[in-house]
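Atoms within a ligand are numbered from 1 in the order they appear, just like the ligands themselves.
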Amino acid sequence: MIKDELKNLIAENRACIGVIGLGYVGLPLIVEFALKGFPTVGFEVDQKKVDELNKGNSHIVDVPSEKVQKSLDTEKFHATTDFAELAKCDVIIICVPTPLRKTKDPDMSYILAAGEQITKYARRGQLVILESTTYPGTTDEVLQPMIEEAGLKLDDDFLLAFSPERVDPGNPQFQTHNITKVVGGVGKDSTEVSALLYSKIVDNVHAVSSARVAEACKLWENTFRAINIGMANEMAKVCNALGIDTWEVVRAAATKPFGFMPFYPGPGIGGHCIPLDPHYLSWKARQHGFDSQFISLAEQVNSGMPKYVVKLVSDALNGERKAMNGSRVLILGVAYKKDIDDMRESPALSVIDLLRSKGAEVVYHDPFVPEVHFDHAYTIGAGDPLFNSELTDDLIKSSDCVIICTEHTDVDYPRVLELAPLVVDTRNALSETLRDGSKAKVVRL
Ligand SMILES: NC(=O)c1ccc[n+]([C@@H]2O[C@H](COP(=O)([O-])OP(=O)(O)OC[C@H]3O[C@@H](n4cnc5c(N)ncnc54)[C@H](O)[C@@H]3O)[C@@H](O)[C@H]2O)c1
């Protein structure tokens, strides 16, 4: 039986693991398997990434180059653009992007492209696992028929499962090995073999009854975050209107030992997951005649935050008898969250765009991001790229307003408070103790 053949290969660390897509999700995963002694092959469409990885250079912050080099040294890992090598893989894990179309519908083109390659090189005896976040039904409605096109039969010839990725880039406490892995197969054999596979690299595996449950689980988790951040953003606006310190309120509420989990407001949501994933769920729900109102509302509140931040800036400048038009604004932090370089869907992009559309002169400092590009500028001509500025005393002093969009650790906030005339802090980076006796006027969300 194919189940037993694969179980033997996995148990003895002999199964060849192919990972398609070597980004934030695929690279940490393949390195874990390689360092556990499994032969691995990384498949990428980006030749530059392949060349650098084969030289031992990582492009992902959470995977140090030494780890890639170590994997190369064991001769258990190499990257390639040649998908013909899929034929030698016993396990194929898909970690390609799942973005949205302009219409906010799921863009399945990357999964379909990976599926086509798998179909082309499929052979009896393979386990295919999808890790890309997607709507419930993708694994059995989309991938299964594609693999069957190769003349193979589920359970007899191949196994198929979904296992969501939960990696949190930049989080040193939780990395691949200590984040419980949920797995759901299209059928019992697929679940069993996938669970065995992941138990080789993670401490805990949680098996569920189907791929659809595993797909829905991931979307539930991220929708939970999007909605709760939406609520925190709404509460920040309420507190602001009432003249109450939002951050002090959350801090106090978080002392409740049960029934409350703190979420924090900010300039909006970013990254490849939280702003996108709920749309995969609402899209699928709509096809079944159900309209998810919570998801729509959270989207509305969260996507409105950059405008709200720009209004805070405009009001603060007005208080100084300054117009937005012609003011010099320094943005601190443009990545979507602290201490990483990921710019995908970063709300700072919208903030900068809106500021420039109102005539502000915008510069930014971000130790992780050397340049920023604007593909969807609100105003024609305002989409010129920006380049990281060094955080000099002159830069801070000459700004009419400093906006903290991302609270990177490695920024000298006391110096900012000492030299800036006006600061809009969207992340509570300037704690009360820092602000004590500071000369700068500080406005917070
Ligand atoms: N980044 C995260 O924190 C995170 C967390 C959990 C889940 N996810 C999900 O995991 C999936 C991958 O996300 P990511 O952040 O790793 O994306 P990424 O953009 O960092 O990496 C994807 C990689 O796939 C490559 N690629 C694209 N098409 C390909 C193809 N046909 N064949 C081979 N390679 C291809 C790209 O060049 C890129 O290197 C998405 O579905 C995402 O929603 C991401």
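Atom CD of Q293 sits in a sparse spot, with 12 or fewer heavy atoms from other residues, nucleotides or ligands closer than 6.0 Å.
The residues lining ligand 1, counting any heavy atom closer than 4.0 Å, are I20, G21, L22, G23, Y24, V25, F43, E44, V45, K49, F83, C95, V96, P97, T98, Y110, A113, S132, T133, E165, V167, P169, K218, H272, C273, R344.
Under the rule for a side chain to side chain contact (heavy atoms under 4.5 Å, CB included), the partners of L395 that lie at least two apart in sequence or sit in another chain are R328, L330, V363, S389, L391, T392. A search for ring-ring contact (aromatic ring centres under 6.0 Å, His included) contacts involving F38 returns F33, not counting sequence neighbours.
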Ignoring hydrogens and angles, write down the donor-acceptor pairs under 3.5 Å from the side chains of residues 230-240, residues two or more places apart or on other chains.
| from | atom 1 | to | atom 2 | distance (Å) |
| --- | --- | --- | --- | --- |
| N233 | OD1 | G266 | N | 2.9 |
| N233 | ND2 | I229 | O | 3.4 |
| N233 | ND2 | N302 | OD1 | 2.9 |
| N240 | ND2 | Y308 | OH | 3.2 |

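Ion pairing between a basic and an acidic side chain is recognised when a charged N comes within 4.0 Å of a carboxylate O; K55 and E52 show such pairing.
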Discussion item. If you apply the rule side-chain contact (heavy atoms from CB on, under 4.5 Å), what do you find for F43 with T81, and how did you get there?
Written reply: CA-CA 6 Å; F43 297 90; T81 54; over 6 Å; no
